[in-house]
Amino acid sequence: MRIGVLAVQGAFIEHENILKNLGAECVEIRKSEHLQQELDGIVLPGGESTVMGKLLFELKLFENIKTRIENGLPVLGTCAGAILLADKIEGENISYLGTIPMKIKRNAYGRQLGSFAAEQEIKGIGKFPMRFIRAPYIISAAPNVKILSTVEEKIVAVEYGNQLALTFHPELTDDYSIHKYFLNVICSRT
Ligand code: GLN
């Protein structure tokens with residue numbers, strides 16, 4: 001199984017380490033040539049969504065990735081990656097890939113509460129140690145978006161067909177169950 005990991009900025013190596021540990025092959029996506037191959041899934045990591053969004057355009061990755069996701073390529077977007085997937089960003093006129101009908105708020109917990117941990121149940125996965133870093137939360141989502149988890153009434157994980165978006169960082173824990181879930185989604189769709 002070959003997973004593309006967007007590697008232009010942010011915490012991509014941690015995702016690669018876990019996926020490799022679980023037996024997947026990882027390819028780093030940094031330029032458009034890297035997208036000229038079959039991929040079974042793609043990971044959009046945490047980092048800075050404004051920087052990643054800009055680089056997606058500048059490096060000519062945007063159209064290819066958006067089309068592939070729209071055509072059913074399984075995607076895991078974490079934190080900034082989830083922001084890239086949202087079709088609406090609170091208080092901003094732009095969105096990026098916009099493939100999930102949901103509204104997300106960036107840096108939603110304010111500066112003081114920028115980073116925190118929580119242990120919460122995720123549907124289909126179980127209790128998971130969540131690490132939030134200058135995290136967004138999902139304000140609302142279309143009725144056909146499945147809400148997988150909330151923390152203090154804020155949506156932190158959703159699934160929308162082939163797309164999985166989390167506002168926290170599963171790659172910074174030693175619990176691999178989310179990545180396993182993602183690989184299972186891929187297996188069930190191919
Ligand atoms: N605050 C970042 C943003 O707005 C997201 C933080 C993260 O990915 N850890 O893009």
Side-chain angles (χ1 to χ4, degrees), residues 3-19 26 28-30 41-59 61-62 65-66 69 74-120 122 128-141 145 147-152 154-160 163-179 181-182:
I3 312 292
V5 180
L6 183 66
V8 294
Q9 197 258 339
F12 52 88
I13 288 166
E14 292 83 352
H15 279 290
E16 289 174 26
N17 289 342
I18 296 178
L19 290 165
C26 291
E28 294 188 346
I29 309 293
R30 297 173 189 278
I42 188 162
V43 172
L44 308 175
E48 193 55 44
S49 56
T50 49
V51 177
M52 277 198 262
K54 195 162 159 270
L55 288 172
L56 280 179
F57 286 106
E58 286 179 8
L59 301 169
L61 303 171
F62 184 86
I65 293 178
K66 182 174 163 75
I69 294 172
V75 57
L76 169 65
T78 61
C79 205
I83 297 170
L84 296 180
L85 293 172
D87 73 345
K88 287 191 198 68
I89 303 174
E90 168 81 352
E92 297 186 21
N93 296 326
I94 51 160
S95 60
Y96 299 98
L97 297 164
T99 48
I100 303 184
M102 64 179 185
K103 189 195 261 189
I104 201 160
K105 182 172 158 79
R106 295 182 56 215
N107 301 317
Y109 299 90
R111 280 171 190 274
Q112 299 306 320
L113 244 180
S115 304
F116 63 98
E119 180 144 301
Q120 192 59 261
I122 304 177
F128 193 85
M130 302 172 176
R131 281 195 55 193
F132 296 84
I133 302 173
R134 292 178 300 106
Y137 62 68
I138 297 159
I139 297 175
S140 59
V145 175
I147 294 168
L148 297 183
S149 186
T150 57
V151 170
E152 289 171 9
K154 311 284 195 257
I155 304 168
V156 299
V158 297
E159 186 167 24
Y160 182 60
Q163 306 181 60
L164 203 53
L166 318 170
T167 63
F168 53 93
H169 286 265
E171 78 285 9
L172 299 183
T173 59
D174 52 15
D175 186 325
Y176 294 178
S177 49
I178 287 181
H179 291 83
Y181 183 87
F182 179 55

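Counting starts at 1 for both ligands and their atoms, in listed order.
Residue, atom and distance of the protein heavy atom nearest to atom 2 (C) of ligand 1 are G47 O, 3.5 Å. Among protein heavy atoms, atom 1 (N) of ligand 1 sits closest to N107 OD1, 2.6 Å. From the protein, the heavy atom lying nearest to atom 4 (O) of ligand 1 is R106 NE, 2.7 Å. Counting only heavy atoms of the protein, atom 7 (C) of ligand 1 lies nearest to C79 SG, 2.8 Å. For atom 9 (N) of ligand 1, the nearest non-hydrogen atom of the protein is H169 NE2, 2.8 Å.
Checked by atom type and distance alone, the side chain of Q9 pairs as donor or acceptor with a backbone atom of E48 at under 3.5 Å. The backbone N or O of A7 lies less than 3.5 Å from a partner atom in the side chain of R30, making a donor-acceptor pair. At least one donor-acceptor pair closer than 3.5 Å links the side chain of D87 to the backbone N or O of M102.
In summary, the side chains of Y109 and E152 do not present any donor paired with an acceptor at a separation below 3.5 Å, with no hydrogens or angles considered.
A distance of 5.0 Å separates CG of L166 from CD1 of I178, quoted to the nearest 0.5 Å.
When each atom of ligand 1 is checked for a heavy atom of G46 under 4.0 Å away, the hits are 8 (O). Counting atoms of ligand 1 from 1 in the listed order, those under 4.0 Å from a heavy atom of S49 are 3 (C), 4 (O), 10 (O). Within ligand 1, counting atoms from 1 as listed, the ones closer than 4.0 Å to a heavy atom of I83 are 3 (C), 4 (O), 10 (O).
Distances between N or O atoms of T50 and those of ligand 1 include no value under 3.5 Å. Residue I133 places at least one N or O, backbone or side chain, under 3.5 Å from an N or O of ligand 1.
With E90 as the partner, the salt bridge (charged side-chain N to carboxylate O under 4.0 Å, His left out) test is satisfied by one option alone out of R106, K103, K105: K103.
More than 12 heavy-atom neighbours from other residues, nucleotides or ligands sit within 6.0 angstrom of NZ on K66.
No side-chain heavy atom of L59 sits less than 4.5 Å from a side-chain heavy atom of I29.
The proximity of T78 to ligand 1, defined as any non-hydrogen pair under 4.0 Å, does not occur for either the backbone or the side chain.
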